[in-house]
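Have a look at the structure below, then the notes.
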Amino acid sequence: MSRRRQIYEGKAKILYEGPEPGTIIQYFKDDATAFNNQKKGTINGKGVLNNRISEHIFTLLGQIGVPTHFIRRLNMREQLVRQVEIVPIEVIVRNVAAGTLSKRLGIEEGTPLPRTILEYCYKDDALGDPMISDEHIACFGWASQEEMHEISDMAIRVNDFLSGLFAGIGIRLVDFKLEFGRVWENDFSRIILADEISPDGCRLWDMKSNEKLDKDRFRRDLGGEVEAYQEVARRLGLMPEDGGGPDTVLNLDEARKARAKD
Ligand code: C5P
């Protein structure tokens, strides 16, 4: 196999040059980091699960008309995506108080918010992804006003859809992070959803027990990380009911495809 050119290595993913111009391969690692890289670890099988969960969610979002970078999953750990110019803003969508919002404002974790809150952070690891406002975004030209309208509309749309999707499988979507990118067509650019949507970047609580099914298990040393991610995959219908290791997710998928071909 020819060696592919690595474009970038992030905390949880590696990006390689794709097979055609304008494409990129996203490789999902098992590495986990928290608190701006201060805590590091490995969650065996996480990359396989996140690849599959993110594929599923991006496919569903595409079906309801949300433009995304996702093209197709290539194998257990890789997916082909469109190359974008990343907008250097992390968009946090919050439905229930938790994490840094609770800390910052002294609101008890688990308090439902009277309305959904959108927050923006400047994507810069060295600065610890500081929170910013629309004013900073406009002042420093990180995105135009028109782009920010598209981004906030899309974030709310994604939230509405995902809140319903997760509620249908007994999971509360507490909060999550989105990233967006620009794609250029002729002289015009448009905004599409990029990165990934997985338990790494969402808070997902079981509706009955409030059990955490996301990266807070790693952040807070609760243990059972891979089991929690598997439970999310299982409820999304991506795993057999009797469980199995992370590999089972994709084997089952391949098995379904093979059966459909017969
Ligand atoms: O830490 P905080 O409470 O601000 O996180 C809000 C949500 O955004 C959480 O679901 C968290 O997983 C996600 N997040 C993320 N990457 C970051 C910051 C937050 O995925 N750099």
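Sequential numbering from 1 along the given sequence is applied to the chain's residues. Counting starts at 1 for both ligands and their atoms, following the listed order. Keep in mind that what you see is a predicted model, and the values were worked out from it rather than measured.
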Test salt bridge (Lys or Arg N to Asp or Glu O under 4.0 Å) on D216 and R203; report intermediate values, then the result. CA-CA 7 Å; D216 269 352; R203 284 200 174 88; 2.6 Å; yes
Between E78 and R4, is a salt bridge (Lys or Arg N to Asp or Glu O under 4.0 Å) present by the stated rule, with each step listed? CA-CA 13 Å; E78 293 177 330; R4 294 172 306 188; 2.8 Å; yes
Between I156 and T116, is a side chain to side chain contact (heavy atoms under 4.5 Å, CB included) present by the stated rule, with each step listed? CA-CA 8 Å; I156 293 296; T116 297; 4.1 Å; yes
Step-by-step salt bridge (Lys or Arg N to Asp or Glu O under 4.0 Å) determination, E109 to R94: CA-CA 12 Å; E109 279 217 324; R94 299 186 186 268; over 6 Å; no
Test ring pair (Phe, Tyr, Trp, His ring centres under 6.0 Å) on H136 and Y120 and set out the steps. CA-CA 10 Å; H136 300 94; Y120 305 118; over 10 Å; no
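With a 4.0 Å cut-off on non-hydrogen atoms, C202 touches ligand 1 through its backbone and not its side chain. Residue-level proximity to ligand 1 for I92 is carried by the side chain, the only part with a heavy atom below 4.0 angstrom. Of the heavy atoms in K123, none comes closer than 4.0 Å to ligand 1.
Residue-ligand proximity, D129 to ligand 1, at heavy-atom distances under 4.0 Å covers atoms 21 (N). Which parts of ligand 1 touch F176 is read off a 4.0 Å heavy-atom cut-off, strictly below it: atoms 8 (O), 10 (O). Atoms of ligand 1 lying under 4.0 Å from any heavy atom of E90, numbered from 1 in the order shown and given with element: 17 (C), 18 (C), 21 (N). Short contacts between ligand 1 and G99, defined as distances under 4.0 Å to a heavy atom of the residue, involve ligand atoms 3 (O).
Of the residues listed (N159, L113, V174), the one engaging N95 in a side chain to side chain contact (heavy atoms under 4.5 Å, CB included) is N159, and it is the only one.
Looking only at distances, no side-chain donor or acceptor of D160 sits under 3.5 Å from a matching main-chain atom of A155. Listed for the T42 side chain is no donor-acceptor partner under 3.5 Å among the backbone atoms of N44.
In this structure, K39 forms a cation-pi arrangement with F218, its terminal cationic atom sitting closer than 6.0 Å to the ring centre and no more than 45° off the ring axis.
The nearest protein atom to atom 2 (P) of ligand 1, hydrogens excluded, is given as T100 OG1, 3.3 Å; this is a heavy-atom distance. Among protein heavy atoms, the minimum distance from atom 7 (C) of ligand 1 is reached at D175 OD1, 3.5 Å. Residue, atom and distance of the protein heavy atom nearest to atom 11 (C) of ligand 1 are R219 NH2, 3.5 Å. At the top of the distance list for atom 16 (N) of ligand 1, counting protein heavy atoms only, stands K177 CE, 3.5 Å.
D129 CG to E90 CD: the interatomic distance, rounded to the nearest 0.5 Å, is 4.5 Å.
Residue contact check for ligand 1: R94 places a non-hydrogen atom closer than 4.0 Å to it. In this structure, M131 falls outside the shell of residues with a heavy atom less than 4.0 angstrom from ligand 1. Assignment of V174 to the shell around ligand 1 is not supported, since no heavy atom sits closer than 4.0 Å. Heavy atoms of R203 come nearer than 4.0 angstrom to ligand 1 in at least one pair.
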